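Since this is a predicted model, take the numbers as computed values, not measurements. Reckoned from all heavy atoms, side chains included, excluding hydrogens, waters and symmetry mates. Order of the sequence lines fixes the chain letters, A, B, ..., with proteins taken first and strands second; residue numbering starts at 1 for each chain.
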2 protein chains.
Amino acid sequence: MMELTRKGEYAIRGIIYLARQAPGKMALISEIAEATEVPQTFLAKIFQNFAKLGLVNSYRGTGGGFMLGRPASRITLREVVEAVEGPIIPNRCLMGGSACDFDRQCNVHPVWRRVQSEVVHILESVTIEELARETK
Amino acid sequence: MMELTRKGEYAIRGIIYLARQAPGKMALISEIAEATEVPQTFLAKIFQNFAKLGLVNSYRGTGGGFMLGRPASRITLREVVEAVEGPIIPNRCLMGGSACDFDRQCNVHPVWRRVQSEVVHILESVTIEELARETK
DNA sequence: ACCTTTAGGACCCGTTTTGTCCTTTATATC
DNA sequence: GATATAAAGGACAAAACGGGTCCTAAAGGT
C-alpha cells in the first residue's frame with residue numbers, strides 16, 4: 001500500500017540532479033536521464049510537467065536545457081511528489097464532490113485525514129536542497 | 001498518491017459490519033455483502049484472506065458464516081489494511097533484498113522511513129472496536 | 001443423500017503504468 | 001535565411017494491476 005510509482009521516483013532523482021548543478025548551469029534532459037538512469041523520453045515528460053508548474057525553467061535550442069525554477073531550498077519534496085503523482089489522498093472519500101456521502105457517519109474518515117495530514121506534513125518539511133546535499 | 005484501493009475499503013467495511021454483530025452471532029457472506037454494498041464474490045475472497053490470518057473465523061455448512069477471530073478491540077486497522085493491501089511501504093527501496101542499492105547514499109530514504117513509521121503508527125492505534133462504535 | 005455455505009482456482013476486462021516514436025516549435029549560430 | 005539543437009506535445013503500445021465473475025471442490029448440518 002501507498003507505494004510511490006516509478007514516475008515519482010524518477011522525478012525525485014531528476015530534480016535532485018538538477019539541484020546539484022553549479023548555479024546557473026543548464027542541464028540537458030539527455031544528460032539528466034543518463035546520470036539518473038531513467039529512460040530519457042519518460043523523464044522528458046516529467047520535466048515538461050515540472051516546467052509547467054514552475055518547478056524548473058526550460059530553454060530550447062542550442063545551449064538550452066533545464067534549470068531549477070527557484071532555489072532548491074524553496075522546493076519541497078511534497079511539491080515534487082504531487083507534481084507527478086497528484087495530491088496525497090489516502091482514501092477517495094477525502095476528495096471533494098460526491099465521492100463519499102458517508103462523511104458524517106463514518107468513523108474511518110478522521111483516521112485517513114490524520115494520515116493525510118501527517119504525510120503531507122513530513123513531505124512538506126523536506127526541501128530538495130536537503131536531499132541534494134552530499135552525504136559524507 | 002497513497003490511495004487505498006477498493007479492496008481495502010471493502011475489507012474495512014466488511015470487518016466493521018462483523019464487529020457490530022451481537023457477540024456469538026454468525027454472519028453470512030451474502031448478508032455482509034448486501035449490507036455493505038460490496039460485490040459478494042469479491043468480498044468472499046477478502047474474507048477468505050481474513051480467515052487465513054485469523055482475523056475472522058469461518059464455518060461452513062448450514063448455520064455457518066463468519067465471526068471475528070478475536071475481540072474487535074484487539075484488531076487494529078493496520079492489520080486489516082495490510083491483510084488485503086500488503087505491507088505499508090511508501091517506496092520500493094524500503095523493501096528488503098536487492099530492491100535498492102542506494103540505501104547508504106540516498107537522502108530520501110530516511111524520509112520514506114519516517115512516512116512509513118508514522119502511517120503504521122496511526123493505523124496501529126485504531127481498533128476495529130472504535131470504528132464499529134455507533135456515532136450519535 | 002441432500003442442502004447449505006465457505007474455499008480455491010481460472011479467467012476476464014478496463015485502466016493505469018511505463019514507456020516509445022514521431023512531429024512541431026522555439027532558439028541560437030553560421 | 002538555413003541549419004543545428006533542444007524542449008513540447010501528441011499518438012501509440014505492451015505489461016502490470018485492479019476489480020471483478022464463474023465454476024468446481026470441500027466441509028458441515030439435517
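DNA chain C is contacted by both A/Gly61 and B/Lys52; B/Lys52 maps to the nucleotide lying nearer its 5′ end (nearest heavy atom per residue). When the nearest nucleotides of DNA chain C are assigned to A/Pro39 and B/Ser30 by heavy-atom distance, the more 5′-ward of the two goes with B/Ser30.
Comparing C/dA7, D/dG28, C/dA28 by their nearest atom to the side chain of A/Thr62 picks out C/dA28. Looking at the side chain of B/Phe66, the nearest of the listed nucleotides D/dA8, D/dG20, C/dT6 is C/dT6. The side chain of B/Tyr10 lies closest to D/dG20 when the candidates are C/dG8, D/dG20, C/dG19.
Distance A/Ile46 CD1 to D/dA8 P: 13 Å, rounded to the nearest Å. Spacing between atom CD of A/Gln40 and atom P of C/dC22 amounts to 14 Å, rounded to whole angstrom units. Across the protein-nucleic acid pair, B/Asn49 atom CG and C/dG9 atom P stand 12 Å apart, rounded to whole Å. Rounded to whole Å, the distance from CG on A/Leu18 to P on D/dA7 is 11 Å. At whole-Å resolution of the value, CZ in A/Arg60 and C1' in C/dA26 are 5 Å apart. Straight-line distance from the CZ atom of A/Phe42 to the C1' atom of D/dG10: 16 Å, rounded to whole Å. In this structure, the CG atom of A/Leu28 is 15 Å from the C1' atom of D/dA8, given to the nearest Å. For the pair B/Gln48 CD and D/dA26 C1', the interatomic distance rounds to 12 Å; values are reported in whole Å.
Residue A/Thr5 has a polar side-chain atom (N or O) positioned under 4.0 Å from OP1 or OP2 of C/dT18. In this structure, A/Tyr59 does not reach the D/dT5 phosphate: none of its side-chain N or O atoms is under 4.0 Å from OP1 or OP2. Look at A/Arg6 and you won't find any side-chain N or O under 4.0 angstrom from OP1 or OP2 of C/dT17. Contact annotation: A/Ser58 does not reach the phosphate of D/dA6 (side-chain N/O to OP1 or OP2, under 4.0 Å). Side-chain N/O atoms of A/Thr41 include none lying less than 4.0 angstrom from OP1 or OP2 on C/dG19.
With hydrogens and angles ignored, the 3.5 Å screen pairs no side-chain donor or acceptor of B/Arg78 with any backbone N or O of B/Val120.
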Go through the steps to decide whether B/Ile15 and B/Leu68 satisfy the test side-chain contact (heavy atoms from CB on, under 4.5 Å), and finish with yes or no. CA-CA 8 Å; B/Ile15 205 157; B/Leu68 287 187; 3.7 Å; yes
Test side-chain contact (heavy atoms from CB on, under 4.5 Å) applied to A/Ile12 and A/Ile16, step by step: CA-CA 6 Å; A/Ile12 297 169; A/Ile16 288 178; 3.7 Å; yes
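At a threshold of 4.0 angstrom between heavy atoms, the contacts of A/Phe50 with the nucleic acid are absent. B/Phe47 comes within 4.0 angstrom of no nucleic acid atom, judged by non-hydrogen atoms across all strands. Using a 4.0 Å heavy-atom distance criterion, A/Lys7 is classed as a sugar-phosphate-only contact.
Expressed to the nearest 0.5 Å, how far CD of B/Glu82 lies from CD of B/Glu124 amounts to 8.0 Å. In this structure, B/Lys52 NZ and B/Ser58 OG are separated by 11.0 Å, a value rounded to the nearest 0.5 Å.
One can find a donor-acceptor pair under 3.5 Å joining the base of D/dG10 and the side-chain atoms of A/Lys45.
When the options A/Arg13, A/Arg6, A/Lys7 are evaluated for a salt bridge (Lys or Arg N to Asp or Glu O under 4.0 Å) with A/Glu9, the one that passes is A/Arg13.
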